[in-house]
Amino acid sequence: NKKVKTPRGAIIRSAIIPGWGQAYNNRYWKIPIVYGALGTTAAVFSYNLRYYKKIRFAYTALINKDSANFANVAPELQPFIQNNDIASLRLNRNTFRKNIDYSVLFFLFFWGLNVLDATVDAHLRGFNVSDDLSLKVKPMLDNNMAGLSLVLDIHKGKAKQLFNNKNF
């Protein structure tokens with residue numbers, strides 16, 4: 001008795017752990033893609049958060065004129081402290097804060113895309129993609145009107161008989 005794999009099972013698994021839905025659908029080659037996308041956005045989030053905290057600390061020290069903490073500011077931000085450049089620190093702080101928000105949104109987007117991919121793959125699992133399927137464009141002449149018809153031949157035997165009877 002083989003267990004039937006359902007789209008609902010793929011949704012639940014992919015929503016809980018990214019890539020689990022792809023494994024459930026036996027599409028193991030997609031798992032590195034899922035983790036690559038999520039890992040990249042997580043790394044971008046971590047980078048932006050780290051620099052946001054450094055810049056916020058420097059900005060707070062400069063705005064409060066806390067000279068005791070000027071030495072604790074990151075070395076790459078020391079020129080801003082020495083030049084008393086509050087505007088640039090504020091601009092960089094706001095930019096990194098915005099980038100944090102975007103990286104969270106992209107992470108959620110890729111997680112949702114992971115769930116969507118597993119669901120669609122589970123839905124299409126039973127879809128017939130054999131060589132018996134074909135799509136043809138044929139010229140058509142009906143009541144002295146010329147045109148093109150699009151014919152989907154599902155099964156070579158039955159479909160051809162059906163279309164031949166209607167003079168397609």
Side-chain angles (χ1 to χ4, degrees), residues 1-137 150 152 154:
N1 290 336
K2 261 190 170 178
K3 265 191 168 179
V4 177
K5 297 185 178 183
T6 63
R8 182 175 183 202
I11 290 172
I12 292 170
R13 284 170 175 81
S14 247
I16 293 173
I17 300 174
W20 192 13
Q22 283 74 12
Y24 176 73
N25 290 329
N26 297 326
R27 302 289 193 249
Y28 300 106
W29 64 271
K30 292 182 179 182
I31 296 172
I33 296 169
V34 169
Y35 279 100
L38 293 175
T40 301
T41 56
V44 169
F45 171 81
S46 175
Y47 171 82
N48 285 320
L49 185 62
R50 187 172 48 249
Y51 274 92
Y52 170 76
K53 287 179 179 179
K54 288 179 182 181
I55 294 170
R56 184 184 63 190
F57 178 77
Y59 177 73
T60 305
L62 192 57
I63 202 83
N64 293 334
K65 305 211 185 309
D66 186 9
S67 59
N69 278 324
F70 284 174
N72 296 331
V73 172
E76 62 267 19
L77 300 174
Q78 285 296 332
F80 295 108
I81 297 294
Q82 292 166 356
N83 295 334
N84 200 24
D85 197 356
I86 294 173
S88 293
L89 281 174
R90 183 183 319 118
L91 178 66
N92 284 322
R93 182 199 62 180
N94 293 342
T95 301
F96 275 95
R97 178 64 193 156
K98 181 176 63 173
N99 290 343
I100 289 170
D101 295 341
Y102 284 144
S103 59
V104 168
L105 287 175
F106 276 108
F107 185 85
L108 293 174
F109 172 75
F110 284 126
W111 193 308
L113 203 58
N114 151 63
V115 173
L116 181 68
D117 172 65
T119 306
V120 169
D121 199 22
H123 271 291
L124 296 178
R125 191 165 192 72
F127 188 72
N128 184 6
V129 290
S130 69
D131 291 336
D132 291 344
L133 300 176
S134 64
L135 189 63
K136 297 177 184 172
V137 177
L150 192 60
L152 175 62
I154 298 173

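Position 1 is the first residue of the sequence; numbering continues from there. All values reported here derive from a predicted model rather than from experimental measurement.
Here the shortest heavy-atom pairing between Trp111 and Ser14 reads NE1-O, 3.4 Å. In this structure, Ala58 and Leu77 approach most closely via the heavy-atom pair CB-CD1, 4.0 Å. Contact between Ala61 and Asn69 at its shortest, heavy atoms only, is CB-CB, 4.3 Å. Across Gly19 and Tyr35, no two heavy atoms sit closer than the pair CA-CE1, 4.5 Å.
No donor-acceptor pair closer than 3.5 Å links the side chain of Asn114 to the backbone N or O of Phe110. Looking at Asp121, its side chain never comes within 3.5 Å of a backbone N or O of Asp117 through a donor-acceptor pair. Between the side chain of Arg13 and the main chain of Gly9, a donor-acceptor pair closer than 3.5 Å is present. Judged by distance alone, with hydrogens and angles left aside, the side-chain atoms of Ser103 form a donor-acceptor pair with the main-chain N or O of Asn99 at under 3.5 Å.
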Ring pair (Phe, Tyr, Trp, His ring centres under 6.0 Å) assessment of Tyr24 paired with Trp20: CA-CA 6 Å; Tyr24 176 73; Trp20 192 13; 8.3 Å; no
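Ring orientation note: the planes of Tyr51 and Phe96 are close to parallel, at an angle under 30° on the 30°/60° scale.
Expressed to the nearest 0.5 Å, how far CG of Asn94 lies from CZ of Arg56 amounts to 12.5 Å. The line from CZ of Arg90 to CD1 of Ile55 is 13.5 Å long, rounded to the nearest 0.5 Å. Here Asn84 contributes atom CG and Ile63 contributes atom CD1; the two are 9.0 Å apart, rounded to the nearest 0.5 Å. Taken to the nearest 0.5 Å, the CG atom of Asp85 stands 8.5 Å off from the CG atom of Leu62. If you take OG1 on Thr6 and CD1 on Ile12, they are separated by 7.5 Å, rounding to the nearest 0.5 Å. Separation of atoms NZ (Lys65) and OG1 (Thr60) is listed at 13.0 Å; rounding is to 0.5 Å.
Inter-residue side-chain proximity for Gln22 and Ile33 is flagged as unmet; no heavy-atom pair is nearer than 4.5 Å. Side chains of Asn92 and Tyr59 form no contact here, defined as non-hydrogen atoms less than 4.5 Å apart. Annotation: side chain of Arg125 is in contact with side chain of Asn26 (closest heavy-atom distance under 4.5 Å).
Within a 6.0 Å sphere centred on CZ of Phe107, other residues, nucleotides and ligands contribute more than 12 heavy atoms. A 6.0 Å sphere centred on CZ of Phe70 holds more than 12 heavy atoms belonging to other residues, nucleotides or ligands.
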